[in-house]
Amino acid sequence: MNVDEYKDEHARTIIHIDIDCFYAQVEILKRPELKNVPLGIQQKNIVVTSNYIAREFGIRKCMLLTEAMQLCPNLVLVNGEDLNDYRTMSYKVTTLLQKYSEIVERLGLDENFVDVTKLVEQKLKNTDRSAGDPNQDVTNIVGSNDSYCQCGCEIRLKIGSLIADEMRRLIHNQLGLTSCAGIAHNKLLAKIVCSTHKPNQQSMLFPDSALELMLSLNNVESIPGIGRATSDILKSLGVRTVQDLQNAELSELHRLFEIDKAKFLQNLSFGIDNSPVKKSGKPLSLGLEDSCKLICAENEVKEKLGDLLKRLLLLVEADGRLPKTIKLTIRKFDKLTNTSRRETKQTNINPQFFTSGCVSQMNPNNIQKILMILMNMFRKLVRVHKPFHITLLGISLVKFNERPSFRNSIAPFLRKDIEVQSIISIENLNSNESSPESRTHSPSSCRESSDPECEPTPKRTKLSIFKRNFLEYDTCESPSKLRVQDLQLTSDSVQKVRCPSSIDESVFRELPLEMQQELWSEYKNSQIDYASCENKPKKIKSTNTILNYFVKQ
DNA sequence: AAGCCCCAG
DNA sequence: CATTCTGGGGCTT
C-alpha cells in the first residue's frame, strides 16, 4: 500500500546501551570480593545470570542450579530474588543517559535506547569538529561493506559513536558499571549490533551493512520482536531463517497474520524499523511476585501476601504516586495437563490506603484492610473449599493518580528527582573551559557531581525556590483533615480562590494567584469518592499530589 | 475496565 | 521445553 512503509531512512541516530551482566555487576559493587570469582545470581532453582568468569565455564542465562553447579563446582551464588537494588541502579543509569537526550526508552532493567539525533545535529553545527576518526579506536564497525550512502548518515553515526563512548565512560565513572553500546539508524539494528561485541565494547552499523547483520542471525527468533509464539507460527509456514522471512510472500504471511503484522515482521527481517524511541517515565505498574513450591492452605496464602504487601508499600512510598487499582496474580498447577498458567483478578482500591507516608508509621489496620481485599480476590480466583495448589503469588498496583502534566503544572518542580540538564546546555556552559587532560568535553569531564560549577544551575524562579523550601517537609506527610465544607463546590460568583483546608491559609494567600488556582483545583479533583471494598461509610479523602507539600504540619 | 496473551531482559 | 521476577503493550470481551 504505502511505499513509505518499506522505505528505509537513515535520518535518526539511535544508541542502544546494555549494561554487562547487570545483576552480577550490582552484586559485585556491593561486595567487591566477588569480583574475581565465578558468580551466579540465583532466583529459586535457577541461575538467572552470571559474571563473565562464570560464563567461561558454560553458565548460561536461566540455567538450572544443578546443571550450573556441575559445570562450575566453585560457582559462588548470590540470591537475586529481590530486585530492589537492581531497580535503583537501573534508574540511575537511565537518569545519566537523559543528559544526552530527553528521548530515552528503558527496556528491562539493564537496557536503554537513546535517540541522539538532536545532539548529533548540534555537534555537526559546532565549528569545533575534531578531525580524524577517533571512532576507529573505540568502536567496532560491523559489516564488510563500504558505506556508499550519501544521505549524511555516515558522519552522523560516527558522531553518535563518540557520544556512545562518552555515555559509557560516564556510566563507568559515576556508577562503576561497564556496558556495551550499539549505534545505528534505528532501534532494531542498534540493539542487534550492540550484542555483536561483548563485554565492555561498542559497535556501529552503517546502513549498507544492515542486510549482512540481519542474515548473520541464526533464526527468526533471534530478531527482537519475534518471540516464541510468533516464531512457532512462522515455523508452520516453513519460515525459520531470516532469509526465509525475507523471501516469504507477503500473501503467504498474511494467511496467518494481520497484514500490518505481516509487513512488520518482514520489515524486521530486512533491518527496517521505523518505530520511535519512546520516552520512559515512571513505571505504569509496581508489582512483586514470589513463586513457591506449593501452597495449599489459605492462611499460608495470607502470610505470603502480607510479606509481599509490606515490601510493595515501601516501593509505593518511594514512588510517590497513589495507586487506584490492585491486581492479584496467582499461578495454578494443573496436574492433568502438567502445565501452569497465570490468572489475575484486579479491583479498584481507595488510594488513601497508601497515603501514610512512612510505611513504618503506616496504620497496621490499613495493611490488614488491603490484605482482606486481596484475600477476597483470592477466593474469587480459587475455590478454597476444594483442594488447591498455587505455585506463584503476586501483587501489582496499577493506574496511579497522575501528577499534573509536566507542561501545565508546578508539580515537576516539587519532585525529588534530580533535574536533568540537557547535555547541550552543559556543553555550552563548559565551552570556555579547556581541559587538556580529558579528551571528551561534556559529562565525562564532569565527574564531581557535587561540584556546583559542574551542574549548571537551572533557572530558579521565585516560585520554584518557594517550592524547594517546602520539599524539606516532604519526608513524612501528615494526614490531612478535611471538613465537610471543603467539599462544597466553588460557586461561580466567588472571586477569591478557595483555600484547601489542608493548607495554612496565610501561606496559601502568599502564593501567586495562578498557583492558588492550581492547588485548589487539584484539591477539588482529589475529593472523589472511591468505592470502598467494605460496607463502611465512605470517608472523605485527602489529596495526593502537590497538595501534600503544603499540608499543615 | 477486566483478564488474557505476547513480548522483553 | 520452561524455569525467575518483573514490566509494557495489545487483543477480546
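Here is how names work: the chains are called A, B, and so on, in the same order as the sequence lines, proteins then strands, and each is numbered from 1.
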Within residues 177-184 of chain A: residues closer than 4.0 Å to DNA chain C (heavy atoms): none
Sugar-phosphate, base or nothing in reach of A:Lys191, heavy atoms under 4.0 Å: sugar-phosphate
Cationic N near anionic O, under 4.0 Å, A:Glu105 to A:Lys279: no
Sugar-phosphate, base or nothing in reach of A:Ser280, heavy atoms under 4.0 Å: nothing
Sugar-phosphate, base or nothing in reach of A:Gly394, heavy atoms under 4.0 Å: nothing
Qualifying residues under salt bridge (charged side-chain N to carboxylate O under 4.0 Å, His left out), relative to A:Arg31, sequence neighbours excluded: A:Glu33
Residue pairs involving residues 222-231 of chain A (criterion side chain to side chain donor-acceptor pair (under 3.5 Å); sequence neighbours excluded): A:Asn219-A:Ser222, A:Glu221-A:Ser231, A:Arg228-A:Asp232
B:dC5 versus C:dA2 - spacing of their P atoms, nearest Å: 14 Å
Between A:Phe388 and A:Phe333, ring centroids under 6.0 Å: no
Start and end of the DNA chain B segment that chain A contacts, any atom under 4.0 Å from a heavy atom: B:dA1 to B:dG9
Residues A:Arg331, A:Glu289; criterion salt bridge (charged side-chain N to carboxylate O under 4.0 Å, His left out); working and verdict: CA-CA 11 Å; A:Arg331 192 176 56 191; A:Glu289 63 184 42; over 6 Å; no
Pairwise P distance, C:dT4 and B:dG3 [rounded to whole Å]: 23 Å
Short N-O contact, A:Asp273 and A:Lys191, less than 4.0 angstrom: no
Touch class at under 4.0 angstrom, heavy-atom based, for A:Ile223 against every strand present: sugar-phosphate
Sugar-phosphate, base or nothing in reach of A:Lys345, heavy atoms under 4.0 Å: sugar-phosphate
A:Tyr91 six-ring face occupied by A:Arg106 cation (under 6.0 Å, within 45°): yes
Which residues share a side chain to side chain contact (heavy atoms under 4.5 Å, CB included) with A:Glu252, sequence neighbours left out: A:Leu237, A:Glu249, A:Arg255
Side chain A:Arg55, main chain A:Ser50, donor-acceptor under 3.5 Å: yes
Salt bridge flag under 4.0 Å for residues A:Arg169 and A:Asp165: yes
Check: A:Thr117 side chain, A:Thr13 main-chain N or O, donor-acceptor pair, under 3.5 Å: yes
Heavy-atom protein contacts under 4.0 Å, nucleotides 4-13 of chain C, coded B base, S sugar-phosphate only, - none: BBBSSS----
